[in-house]
Structure formats: structure tokens, C-alpha cells
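Okay, so here's the structure we're looking at.
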Amino acid sequence: MDTVEKNQVGNRQAEIIRISTDLFLKNGFSGTSMSKIANACSITKASLYHHFAGKEDLFIACVTDGYKSALIALEDILADTSRRPEAQMRHALDTLYETIISSPVGRMSPLIAEVSRAFPSVARSFHADYIEPQQALLWQLIDRGIDQGEFKDVDKQVLGHLIFGPIVTLSMSREMFASFGDLDAHFPISHLQTGHSDVILGLLKAD
């Protein structure tokens, strides 16, 4: 397969993933069949199976591919050594909020939790391809802050729960109560995001 063909296949897979993500969000995992996805993508079911072995594999691709931009953004933040660790960490937290709460794939958090019970490979892939590398980047940011005397040494496992727990909970809450006309009054993203970031940076700040 030459470069042009590889690009065409990659572009086609990206389009399938985009359309499938929309369908999974609209209809759920069980309500989204490979036939529906093929029809929505204007391809045959056989062509769809040429790209993805099954619905489970396609769902994993939607989840892991959708979060790649967040990992790239965190890598860029880490690479910008001209900024102080505190500014880098706040930017990193902003990136997590944008990805987990505001992006289409971020809205799949409740669905990921549901599907993972029946298909453990979804949880394992999500953890290996997104959670672990993301945490590794955050730990590098924190270690840099410690080395520069801005941050104190902390229990990273505990801090990880304090960072991700509130963001995922907010994402799931907004999905659960999406029908509320006053959703933003109950779950104001900007206000909670600022407060959460202040708490995390307060815990990290060296005495």
C-alpha cells in the first residue's frame, strides 16, 4: 500500500470514527449496530468490517482516537519550558476539562463506564492508551515543579483521584441531567473548573 492509499484509508477510518461516535452518543452502545453505522457512513457492512473487526473494536477506536488530541496538547504544555510549573499545571487542567467535558468523545464517559462492564477490553484499552500516558505527563509536570521548588512532593495516586474524579463526575452529571433547563446553574463548568484548579494548585504549592 503506497502513501496515497494509506492516507485514504486513514481518512476513511477517521470519518467512520467521527460518525460512529455521534451514533454511540445518540443511541448508546446496544442501540448502535454495525449495519446502522455502515448506512450512516454510506458504505457496505463488509467494507466496515474491513476497517474494524467488530463493534467492540470500533467503540475502542472511537474512545482512544478521540482522546489523542488531549495527549498531544499535554505534550505541548510539557514542552513549553518557558512557563512556570504552576501556569503549566493550570493549562493542563484546562485541557482535561475541555476534553472530558466539552468534546464529543468526552461526553462518552457514562457510556464508557457502561460498556466496560460487558467488555473489559474497552476499559483496558482506555486506561492503557489514555489514562496512563496522560498521568505520566502530569507527573512529569509535577516533578518539574518539585525540582524548581514550586511544588511539594505529594502522593501521586491520591492526587490523580483528586484531579480526575471531579472532572469525570461533572461530565457524567451534566450528561445525566442534560434535560434540565437550568443545567448550567446546577453544574457551572467555568466556576467549578476554576475552583477545582485552585484547590489542586493549593495542594501542590510548596510551603
Side-chain angles (χ1 to χ4, degrees), residues 1-76 92 94-137 164-165 167-180 183 187 189:
M1 185 181 295
D2 59 28
T3 302
V4 174
E5 288 177 317
K6 287 181 179 179
N7 288 338
Q8 289 176 339
V9 170
N11 291 337
R12 192 52 177 153
Q13 288 181 338
E15 179 69 5
I16 293 171
I17 288 171
R18 183 189 64 78
I19 293 172
S20 299
T21 298
D22 290 340
L23 289 174
F24 283 130
L25 283 170
K26 181 180 179 181
N27 303 313
F29 184 81
S30 60
T32 303
S33 66
M34 293 293 274
S35 296
K36 287 182 179 178
I37 293 172
N39 289 336
C41 294
S42 299
I43 59 176
T44 65
K45 194 172 179 181
S47 295
L48 180 58
Y49 277 107
H50 175 73
H51 290 285
F52 300 96
K55 187 167 69 168
E56 180 183 348
D57 291 322
L58 178 51
F59 184 81
I60 290 173
C62 290
V63 172
T64 55
D65 186 78
Y67 281 106
K68 283 180 181 176
S69 61
L71 293 175
I72 293 172
L74 289 176
E75 289 171 351
D76 290 342
D94 289 343
T95 298
L96 295 182
Y97 268 87
E98 176 64 27
T99 304
I100 297 175
I101 295 177
S102 301
S103 73
V105 72
R107 292 173 51 216
M108 292 180 74
S109 296
L111 195 55
I112 293 171
E114 175 189 341
V115 174
S116 294
R117 295 189 185 96
F119 300 99
S121 60
V122 171
R124 291 188 180 278
S125 296
F126 182 58
H127 193 272
D129 296 335
Y130 176 66
I131 297 297
E132 287 184 341
Q134 182 174 252
Q135 285 180 336
L137 290 168
F164 289 99
I167 306 177
V168 173
T169 298
L170 179 58
S171 175
M172 297 183 76
S173 295
R174 286 183 64 88
E175 288 301 304
M176 186 183 302
F177 302 107
S179 61
F180 281 21
L183 180 66
F187 306 102
I189 297 175

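Scope of the values below: all heavy atoms of this structure, side chains included, with no hydrogens, waters or symmetry mates.
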* Asked: Would Ile189 and Arg174 count as a side chain to side chain contact (heavy atoms under 4.5 Å, CB included) if you check the C-alpha gap in whole Å, the side-chain angles of each, and the deciding distance to 0.1 Å?
  -> CA-CA 9 Å; Ile189 297 175; Arg174 286 183 64 88; 3.6 Å; yes
* Give the intermediate values and the outcome of side chain to side chain contact (heavy atoms under 4.5 Å, CB included) for residues Gln134 and Leu96. => CA-CA 10 Å; Gln134 182 174 252; Leu96 295 182; 3.0 Å; yes
* Start with the C-alpha distance between Phe126 and Ser116, add both sets of side-chain angles, then the distance that settles side chain to side chain contact (heavy atoms under 4.5 Å, CB included), and finish with yes or no. => CA-CA 10 Å; Phe126 182 58; Ser116 294; over 6 Å; no
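Rounding to the nearest 0.5 Å gives a distance of 7.5 Å between CG of Leu74 and OG1 of Thr99. Put simply, CD1 on Ile112 and CE on Met172 are 9.5 Å apart, with the number rounded to the nearest 0.5 Å. Between Met34 atom CE and Cys41 atom SG the span is 9.5 Å, to the nearest 0.5 Å. Summarising the geometry, atom CG belonging to Asp22 is positioned 10.5 Å from atom OG1 belonging to Thr32; distances are rounded to the nearest 0.5 Å.
Annotation: Phe119 is in aromatic contact with Phe29 [ring centroid separation under 6.0 Å].
When every heavy atom of Leu137 is checked against every heavy atom of Leu71, the shortest pair comes out as CD1-O, 3.8 Å. When every heavy atom of Ser20 is checked against every heavy atom of Ile37, the shortest pair comes out as OG-CG2, 3.3 Å. Ser35 and Lys45 get closest at one heavy-atom pair: OG-NZ, 3.4 Å.
Residues forming a side-chain hydrogen bond (donor to acceptor under 3.5 Å, both in side chains) with Arg18 (at least two apart in sequence, or on another chain): Glu15. Residues forming a side chain to side chain contact (heavy atoms under 4.5 Å, CB included) with His50 (at least two apart in sequence, or on another chain): none.
Looking only at side-chain heavy atoms (C-beta outward), Ile43 and Arg12 come within less than 4.5 Å of each other. In this structure, the side chains of Leu170 and Tyr97 come closer than 4.5 Å at one or more pairs of heavy atoms.
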